[in-house]
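Each remark here refers to the structure printed beneath this line.
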There are 2 protein chains.
Amino acid sequence: MSRTKEFDEAEVLDQALELFRVRGFKHTSFSDLTGELGVSRQSLYDTYGDKQTLYQTALKRYLDRSLDGMRRKLDDPAPVRELFTGFFDALISGTCSNGSPGCLMVNSMVELAPHDAATRALAHVHAREIEGIFASRLSVAQRKGEIAQDKDPVALARFLYHTMLGFAVASRALGDRESLRVSARLALQVLG
Amino acid sequence: MSRTKEFDEAEVLDQALELFRVRGFKHTSFSDLTGELGVSRQSLYDTYGDKQTLYQTALKRYLDRSLDGMRRKLDDPAPVRELFTGFFDALISGTCSNGSPGCLMVNSMVELAPHDAATRALAHVHAREIEGIFASRLSVAQRKGEIAQDKDPVALARFLYHTMLGFAVASRALGDRESLRVSARLALQVLG
DNA sequence: TTTATTGCAGAACAAACGTTCTAATAAAGG
DNA sequence: CCTTTATTAGAACGTTTGTTCTGCAATAAA
């Protein structure tokens, strides 16, 4: 019974995500969304709820996808230094790809986290999970003797996370990919 | 001739700056401004121009003040490592002080730089100047033998700038001051 | 004290916002 | 076919936005 949707639910969600990523939450109006996505107002509301809910859904999707990608990329027996070098290079090429809209989560952390509890919660998940992924991979490396015993994998992980945040800002506002790659090399010197 | 203003022009500008810093540009309405600043709409317009101009003026003021402060703090013959450690600690305590609204420039880089040329220009000034301040101080240290000859002061400066950006985001959204201090120590390991 | 000029308060404005209502449309089951 | 249910397009809603207009108050010079 009933009519079928004229658009792909997941695909349109991704388009909305991309729009939010480029323009931010407040700077993206509902008219922008219906215009760019080619979906009517009512359909958006029926499918995703109001603007805030849509944003939150997109952000959650982005977070999940990011974490999955990171886990996959770091689940590799290569030497840590090489591994993280490649990891950061990929991140810089990706996040900083043409037009460089940066990272939706970092953008949200700046625009919304201080005033929206849900976003703040997701930001904390982002931090905790990525630090966890980094730390566990660094621990393995430490057991294999690739990293000195006196280093704290958790502290190293946090540091790498913080530099990641900086890269996201730089790529969005300055977009100097090459010097970010150089910075990544320097950051990874902390591994010893 | 004529009437005198009932408010201090510089002081109110600082209040506006602080409001923008906490809430961002789009999330701060003109009513918010008149309400919190205790100045009438018309007076704000007469004194500072429209909202965008007011923001830009505040941002420029913030930038100048920041750069001056940094120059002053780094104009010190102490050993670089100590000097930068103190510098970052102060920055973390300041930017991350209670409520931690972060850095107005970093917030602007994320919210406005991609779509506002004037903000983007100020962001580039921010980057160039701070990198310059860092680099020149690092060069002095290198000449004094505090830093190995094979290191590139400009690359080091850029790296430190990028980590600074990350700290601003982390302090705004996560507000974990202590682990930022630990990260700062790790970042400064690149000095050798 | 008058006059000229600037500052201020609040009403008023059009435009844009997020959201909802209304009516027409399309598909699937009977 | 008809009925039912869901989807859609577009008008409409009330708010809020940034900005301006209007009228009055205060100051300093003449």
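Chain A is the first sequence line, chain B the second, and so forth, proteins listed ahead of strands; every chain is numbered from 1. Heavy atoms only: backbone and side chains are in, while hydrogens, waters and symmetry mates are out. Keep in mind that this is a model prediction, so the values were computed, not measured.
Nearest-nucleotide positions on DNA chain C for R41(B) and Q52(A) put R41(B) closer to the 5' end. Nearest-nucleotide mapping onto DNA chain D: of T47(A) and K26(A), the residue sitting toward the 5' end is T47(A).
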Problem set entry | side-chain hydrogen bond (donor to acceptor under 3.5 Å, both in side chains) between T119(B) and Y55(B), worked out | CA-CA 10 Å; T119(B) 303; Y55(B) 187 91; over 6 Å; no

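Rounded to an integer number of Å, the gap from Y48(A) OH to dT19(C) P is 16 Å. One interatomic measurement links the two molecules: CG of L33(A) to P of dC17(C), which rounds to 11 Å at whole-angstrom precision. Counting to the nearest Å, the C1' atom of dG10(C) and the OH atom of Y45(B) are 15 Å from each other. The interatomic distance linking D46(A) (CG) with dT7(D) (P) rounds to 7 Å, in whole Å. Atom pair Y55(B):OH and dG18(D):C1' shows a separation of 17 Å (rounding to whole Å applied). Protein atom CZ of F7(B) is 10 Å distant from nucleotide atom P of dA9(C), rounded to whole Å. In this structure, the CZ atom of F30(B) is 17 Å from the P atom of dA11(C), given to the nearest Å. Note: CD (Q42(A)) to P (dT25(C)) measures 17 Å, nearest angstrom.
Grouping the Ile, Leu, Val, Met, Phe, Trp and Tyr side chains by contacts below 4.5 angstrom, directly or via other members, places F25(B) with Y45(B). Criterion: ILVMFWY side-chain heavy atoms under 4.5 Å apart, direct or through other members. Under it, L165(A) and V125(A) are part of a common hydrophobic cluster.
Within the structure, a side-chain polar atom (N or O) of S43(B) is placed less than 4.0 Å from OP1 or OP2 of dC8(C). Between S40(A) and dA9(D), a side-chain N or O to OP1/OP2 separation shorter than 4.0 Å is present.
Taking the six-membered ring wherever Trp is involved, the centroid distance between the rings of F159(A) and F134(A) does not fall below 6.0 Å.
S43(A) and D46(A) share no side-chain donor-acceptor pair at under 3.5 Å.
Note on residues 180-192 of chain B: pairs passing side chain to side chain donor-acceptor pair (under 3.5 Å), not counting sequence neighbours, are H162(A)-S183(B), D89(B)-R185(B), S93(B)-R181(B), E178(B)-R181(B).
In this structure, the side chain of D14(B) does not engage the main chain of E11(B) through any donor-acceptor pair within 3.5 Å. Using a distance-only test at 3.5 Å, with no hydrogens or angles considered, no donor-acceptor pair links the side chain of R158(A) to the main chain of E131(A).
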Problem set entry | Strand DNA chain D as a dot-bracket string - pairs counted if Watson-Crick or G-U with both distances under 3.5 Å, | where the partner lies in another strand | ..||||||||||||||||||||||||||||

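Note that CD1 of I147(A) is 8.5 Å distant from CZ of R137(A), once rounded to the nearest 0.5 Å.
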Give each protein N/O atom lying under 3.5 Å from an N/O atom of nucleotides 4-6 of chain C, with the pair distance.
| from | atom 1 | to | atom 2 | distance (Å) |
| --- | --- | --- | --- | --- |
| dT6(C) | O4' | S2(B) | OG | 3.2 |

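Of the listed nucleotides (dT17(D), dA28(D), dA9(C)), dA9(C) has the atom at the smallest distance from the side chain of E6(B). Distances from the side chain of S29(B) to the nucleotides dG18(D), dT19(C), dA28(D) place dG18(D) closest.
Between E111(A) and K26(B), no side-chain nitrogen of the basic residue sits less than 4.0 Å from a carboxylate oxygen of the acidic one, so the salt-bridge criterion is not met.
Within 4.0 Å (heavy atoms only), T28(A) reaches sugar-phosphate atoms of the nucleic acid but no base atom.
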